Structure formats: C-alpha cells, structure tokens
Number of protein chains: 2
Amino acid sequence: MQTVTIKDIAKALNLSTSTVSRALRGSHEINTETKRLVLEYAEKLNYKPNPIALSLKENRSRAIGVIVPEIANNFFSQAINGIEAIAYNRGYHVMIFQSQESYEREVVNVQHMVARKVDGILISLSGYTTDMSHLQEPHNNGMPIVFFDRFSEQIDTHTVIADNFDGAFQATEHLILSGRKRIALLTSLEWLSITQERMAGYKAALKKYNIPLEDSLIRHCGFANEELLENVDRLLALSPAPDAFFTTSDRLALSCLTILKDKKVKIPEELSFVGFTNVKIAHLIDPPLTTVVQPAFEIGQTAAELLFDLIEEKKKNLPFQKVKLATTLEVRNSS
Amino acid sequence: MQTVTIKDIAKALNLSTSTVSRALRGSHEINTETKRLVLEYAEKLNYKPNPIALSLKENRSRAIGVIVPEIANNFFSQAINGIEAIAYNRGYHVMIFQSQESYEREVVNVQHMVARKVDGILISLSGYTTDMSHLQEPHNNGMPIVFFDRFSEQIDTHTVIADNFDGAFQATEHLILSGRKRIALLTSLEWLSITQERMAGYKAALKKYNIPLEDSLIRHCGFANEELLENVDRLLALSPAPDAFFTTSDRLALSCLTILKDKKVKIPEELSFVGFTNVKIAHLIDPPLTTVVQPAFEIGQTAAELLFDLIEEKKKNLPFQKVKLATTLEVRNSS
DNA sequence: TTGTATGCGTTATCAA
DNA sequence: TTGATAACGCATACAA
C-alpha cells in the first residue's frame, strides 16, 4: 500500500523502467499497445510521479514561492488569492511564507525556497529589509523574482504596485477640498518604497493647493503600538492641532482609530480620518471609514503573470516592467 | 557560483564524498583534522545540504503542511501564527495551503503535501468535505495528522478545538439574561463539527432557561451571500420576529451585520447581536460587537505540539486526545 | 520500439 | 579512519 513507482510498474509488466517512463509521458516512440498497458496499469495502481525525484533531477519544482510580511492582513491575503488563481491555472503550486516583518525570517524563507527549487519568487519585502543580498544572489543565478507592493530598486526585475502616489494624492486632495488644512500624515517606515510614494502623493496634493508642508505633521511609525500612541499624542499636542489624519496602512489606520476613539476625539467633526487599507468592513466601522483601496487581487494576479513570463521566458529580452494599478478612494463618513 | 555539493567539497579536498558527508554531520569516526578541514571549507563555500536530495533519501522533509479553508480570516491566520511559532522552534518549515472551502482543492492539497513528503499534516476541513478517504489513506500509511477547528470523527487522531459548545452556551445565556427570548441562530453548514457543537450549546442554554426551542429560528447558511440574505429575510419576517441574532462565524457575523444595517434595523434596541468571531476590530464596529472569541493562536500552538508528538512518537501508544480550549465572551454594545 | 547505464545530492552499508 | 558502491525515483543519452 506504499506509493507505487515506475519500478513497480516495470517489474509487474516485464518492461524496463525507461519504457514505462516514456509510456507514461506519452512518448510516440512507444508501441501503442505497450503504452495502453502501462497507462492502464498505472491508473489502476493510482501511480503518481514523485515530485521530489523530479525536482532533484530537473532542478525545478513546478511551484512558486510567495513571501509576505504577514497573512493576517487583507491586502496580502487578497493578493495571495490573486496569485493562486493564476498559478493553479498554470498547474503550479504556491508555497506561502510570512516574514513577520523580520529581515532574518525573510532571509531564511528565501533560502529555503531556493533550496527547495521553487521556479520563481514573488515577494513583498519585510519592513526591515534594506540589504538585498539574499535576493541578489538567486537573482544573479537566474531565479525569476517579481516584487509586489514593497520593492527595492536595488534589484532589477518586474515590480507590481498600486498607484500609491495617486492614492495618497487623491486622499489628500479629498481632505483639502472638504476644507481641511492641517493634514497629519501617519505613515510607515521611512525607507519603504510604499512610504516614499505615498508621502510624495501627499506632498504633491498640498503643493497643488498651496498648503505649506509642515514636517511636524508627518510621522513615521514602526510596527510597535507604543510608537504609534506616542506619535498620535505628539500630533494632537500640536498647536494648532491637525484637523485631519491620513494613515497609510491597514494597521496604522485601525490602531490609530482605536487610540482616537479612546481619547474621545470626534470624527469627523474635530478630525477627518482617511485610511489606506483593504479591510473588508470599512463600512461597518464607526464612523464608516473613508479609505484608499488597493486592487490587491489584481496586484497578485499581475505579479504572478509577470513571474510566469519570466519562468517560461516568453518575453525574453524585454525590459523589466513596473506596473502600477489604480487605487480607488472610497469616501465614507469619517471624512 | 552554482550551489556547492558534497561532491565539490570532496573533489577540492581530495576526499571521498562519504568522508565529507560524515565530517559534515560531525561523525566521531572521522579524524579531527579532516573534520576541521571539511567544515572550514564548507563554511567558506557556504555549503548548504540539498533538502530535496535528503527528502528523496529519507522520505521526509522537515516540513509540516497546514490546510485551512481560507487565510483571509483572522481565526485561521492567527492559528497559523501559533503553528509557525512552534514549528520554527523545532526547526521545521510550515507549508500553508488554502482549500478555499472546496473539497476538490483540499484533496489536491493533501495529495501534494503527501507527495512532497511532509512530516505531518494540520488541517481544518473545508465546508464541503464529507468523504475522508483523501486523509484516511495517508493516515493508514502512518502520516501524522492533527485536526484543528473543523474535524471529522471518521479519522481517529488528535483534535484541537475551541470549546464551541461552551462559547455558544455563554453567548446564548448572555442574551437570555439580558432579556431576549426569541434568539435566532445563524450558523454554518449543518454537517460541520463546529456547527453541531455550537448549535448544541445554543440549545442547552435555551433548555436551562426553559425557553422553547423553535426550529424556524435556526438557519444554516452556506458560503454564498444570497443565501444569507434570504435567511435573514425569513427570520425578520417571522411573527413574532426574533429579538436577537447569534451568528456563529466571522463571515456570517459581518455579512449579516451589513445586511441588518442596510435594512436600518436598530441594534441592540430592536435586535441584540452576538458574533462568533476573531476579527481584531470588533470594538471599532458600529455598534461595538459582542463576540465569542476563540483562542486561535493557542489552538494553532496546541495542534502543532500534538503533531510533533506524533511525528517524534514521543507518546507512542497514548490514546488520541481531543483538546478543548476555552472561548471568551467579550460583551460590547451590540447586545 | 525497447533496454542499459548514468546522474541529480545525499547517506548507509560494506570493505579496506 | 577512509573509501567505494548502492539506493532513493525519475528521465534521458546511448545502444541494441
């Protein structure tokens, strides 16, 4: 009742393993009758090729690896669903890993995937990844890599992102047009690509409406909640206080909202609030949350498609693309 | 610059592959000096054993597989985090798969994991899994399997669940004690273990307080939203109408709340509402959601520990356990 | 059309 | 203490 191998079939049918192997792969240089015999017997014994043996032989696995900072985040889980949709259509398996925003964890994950001979890697960088050698090395060795969401310019390859600049621009403009003038920007670690882009969109909108940029209104927060609390306190202590908060991530938006509600800040009367998030239930929140939504599923799909282009080398010498997908501003009562 | 193998090291050092292999594994039957030489050289070339070759040889992978219905669900993503916490401590990798509530997908995932020689499987069944042969077969062949959350009695192995009965009992009792008498139960597919247990807790609470059980108040919903809408409509059309809704899953709670708000039902005045969910932001919802919270992280941890017990056969002939972890009722304004 | 031999990277068995 | 060889399951170059 253990797994059947080609050898078993060969023995039972008095053939050589190579004949069986070829018959199973439908080689035309095998007698039709023999082929039928082999296929029938294989079917009967429920023969399944051993993917590990294949990987060892062929240095590939028909699987792609995905690394995200965390899966408990709608943006990433939706992106993964987009990736899986494409991958399964192509007959590839998807191995999912979390870096948990840890650089070390990310390195381990990449090494493991490489060792396991994934055919390609989709990655959104951890918040603390600045050194790229763990990706540079496989990249140099020909491993297809595609970034999505959080990328690095240090590696020359395809990148798929939301139009972070425009999303932030729209959100900021919306706040300005609704009469807000002192718009605080609560954003993620400064060196992240998404932070840079979203910050640029925010600044561009201010500039368009001739609102002076005030550095004290821009706060960068890491992943610790105390840090956020401290930043919110500082912002609220400013005089004059900000009249709007624009938070540029899921985590920041929801934690920040929690803090503001604890402090009994009236939203949107005292403070307009806009998030940059993919939470499914923004409409159920009190107050219903105005939010910049990223096309997470499509980002995943597009990234996966580009990865398969690389894997199958369809577009051999085409330059690497940087695909930007449009965001949507969903205006609700919080602003 | 390709990956270095034992063969490379052997050639460079004029040794046989067996000597190098033994030296790398620290075998005491190798000359200390030789050992030093090999280890140093391996270190220098950044030698990493090829896990695929090892898997082929040893029929194992130092990885465990996890299958959940979907990762875009806080309960499951938190459980996965619990699993990873344990696994990484033990030096195992975790392969994550989604069944997307599809039986066929679940079967494919199991087969893939088995073929990839995972050392064990952690699974929460898809909503449409009734036939267990895809698990029965690996189970018979000695593959360690542990259920968490959604299990089947058909397979005799460890199971880790939240105390669904007690969670539902507490929630129902809470509604009764706050004066509700016609409590609707919106619950998942009837044959799921979690459904059975939660339904039993609901019934037990009614019985304790001598409230007659009314079948028309119990509605089972699949995963389509129209189905839920229809069920909500039917419940609201009852006369007398229900004065409370108890929804026993994340998805049901949030979709149902959306529907009720669309219909301008006043919560909790006209209708008390209690969910059975692990959403992180129940407190931000309008109205703040009363919810039964499952110890998702701990469930993942416990399940992983039991799986490693099986893998390492620590507790050889002990009977299989059914671990129940306590739920918490978080009372907020919706009830 | 079929069979033999080899190799993917590693370890275990046996021999030296 | 070290080395040669076979084996894990498969595919393929080469022979027949």
Side-chain angles (χ1 to χ4, degrees), chain A residues 1-39 41-42 45-63 111-112 114-119 141-142, chain B residues 1-39 41-42 45-63 111-112 114-119 141-142:
Chain A
M1 180 68 266
Q2 288 304 346
T3 44
V4 290
T5 70
I6 283 189
K7 211 185 274 182
D8 300 326
I9 300 180
K11 206 171 295 173
L13 266 46
N14 246 318
L15 292 168
S16 74
T17 57
S18 39
T19 306
V20 175
S21 170
R22 282 185 280 239
L24 286 170
R25 330 199 70 239
S27 165
H28 53 265
E29 55 181 23
I30 295 288
N31 182 298
T32 324
E33 179 61 13
T34 313
K35 218 189 277 186
R36 196 186 54 73
L37 229 65
V38 169
L39 289 175
Y41 193 71
L45 293 204
N46 192 24
Y47 166 80
K48 295 265 186 295
N50 180 328
I52 296 185
L54 281 172
S55 290
L56 183 61
K57 182 128 193 57
E58 304 184 339
N59 262 305
R60 65 196 210 106
S61 60
R62 289 220 154 257
Q111 288 174 345
H112 181 240
V114 170
R116 283 279 166 189
K117 307 292 180 194
V118 292
D119 295 1
N141 287 331
Chain B
M1 181 66 269
Q2 288 304 348
T3 44
V4 290
T5 70
I6 283 189
K7 212 184 271 185
D8 300 326
I9 301 179
K11 206 172 293 175
L13 266 51
N14 246 319
L15 291 168
S16 74
T17 56
S18 25
T19 305
V20 174
S21 171
R22 281 185 282 242
L24 287 169
R25 330 200 67 237
S27 164
H28 53 264
E29 55 180 23
I30 295 288
N31 183 299
T32 325
E33 178 59 13
T34 313
K35 219 187 278 185
R36 196 186 54 74
L37 228 66
V38 170
L39 289 174
Y41 192 72
L45 292 204
N46 192 27
Y47 167 79
K48 294 265 186 294
N50 180 328
I52 295 187
L54 283 172
S55 289
L56 183 61
K57 189 130 189 54
E58 302 183 341
N59 260 306
R60 63 195 212 112
S61 59
R62 289 220 152 257
Q111 288 175 344
H112 182 240
V114 170
R116 283 277 165 192
K117 307 291 178 195
V118 294
D119 295 2
N141 287 331

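All chains are named by letter (A, B, ...) in the order of the sequence lines, taking the proteins before the strands, and each is independently numbered beginning at 1. What you see is a predicted model, and the numbers here were worked out from it, not measured in a lab.
- A straight line from CG of A/N59 to P of C/dT10 spans 12 Å, rounded to a whole angstrom.
- Neither OP1 nor OP2 of D/dC8 sits under 4.0 Å from any side-chain N or O of B/K117.
- Rounded to a whole Å, the NZ atom of A/K11 is 16 Å from the C1' atom of C/dG3.
- Nearest approach of B/S61 to B/D119, heavy atoms of both residues: N-OD1, 2.9 Å.
- Nucleic acid contact for A/S21: base, since at least one base atom lies under 4.0 Å from a heavy atom of the residue.
- Distance A/I52 CD1 to C/dT10 P: 15 Å, rounded to the nearest Å.
- Base contact: A/R22 has a heavy atom under 4.0 Å from a base atom.
- Rounded to 10 degrees, the angle separating the terminal helix axes of the helix from C/dT1-D/dA16 to C/dA16-D/dT1, each built from five base pairs, is 60°.
- Toward the 5′ end of DNA chain D lies the nearest nucleotide of B/N14, the other residue of the pair B/N14 and A/L24 mapping further downstream.
- Across all strands shown, B/L15 has heavy atoms under 4.0 Å from sugar-phosphate atoms exclusively, and none from any base.
- OP1 or OP2 of C/dC8 sits under 4.0 Å from a side-chain N or O of B/K7.
- Both A/E58 and B/K35 lie close to DNA chain D; mapped to their nearest nucleotides by heavy-atom distance, the more 5′-ward contact belongs to B/K35.
- Close to C/dG3, at under 4.0 Å from its OP1 or OP2, lies a side-chain N or O of A/S16.
- Nearest heavy atoms, A/K7 versus A/T17: CA-CG2, 4.1 Å.
- Residue A/S18 places no side-chain N or O under 4.0 Å from the OP1 or OP2 atom of D/dA11.
- Distance NZ (A/K57) to C1' (C/dT6): 8 Å, rounded to an integer number of Å.
- One atom, CD of B/E29, and another, C1' of C/dT13, lie 11 Å apart when rounded to the nearest Å.
- Looking at heavy atoms from C-beta onward, A/R116 lies in side-chain contact with B/S55 at the 4.5 angstrom threshold.
- Counting heavy atoms from C-beta outward, A/Y41 and A/L37 have side chains that stay 4.5 Å or more apart.
- Out of D/dA11, D/dT1, C/dT10, the shortest distance to the side chain of B/T34 is found at D/dT1.
- Between A/K117 and A/L54, the closest side-chain pair of non-hydrogen atoms is not below 4.5 Å.
- Inspection of the B/R22 and B/T34 side chains reveals no N or O donor paired with an N or O acceptor under 3.5 Å.
- B/R25 has its CZ atom 18 Å from the P atom of C/dG9, to the nearest Å.
- Residue A/D8 contributes atom CG, which lies 13 Å from atom C1' of D/dC8 at whole-angstrom precision.
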Steps toward side chain to side chain contact (heavy atoms under 4.5 Å, CB included) verdict (B/V38, B/L13): CA-CA 8 Å; B/V38 170; B/L13 266 51; 3.9 Å; yes
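- What separates OH of B/Y47 from C1' of C/dT11 is a distance of 10 Å, to the nearest Å.
- Nearest approach of A/I30 to A/A23, heavy atoms of both residues: CG1-N, 4.1 Å.
- When the nucleotides C/dT2, D/dA11, C/dC8 are ranked by their closest atom to the side chain of A/N31, C/dT2 comes out on top.
- OP1 or OP2 of C/dT2 has not a single side-chain nitrogen or oxygen of A/T19 nearer than 4.0 Å.
- Within 4.0 Å (heavy atoms only), B/S55 reaches no atom of the nucleic acid at all.
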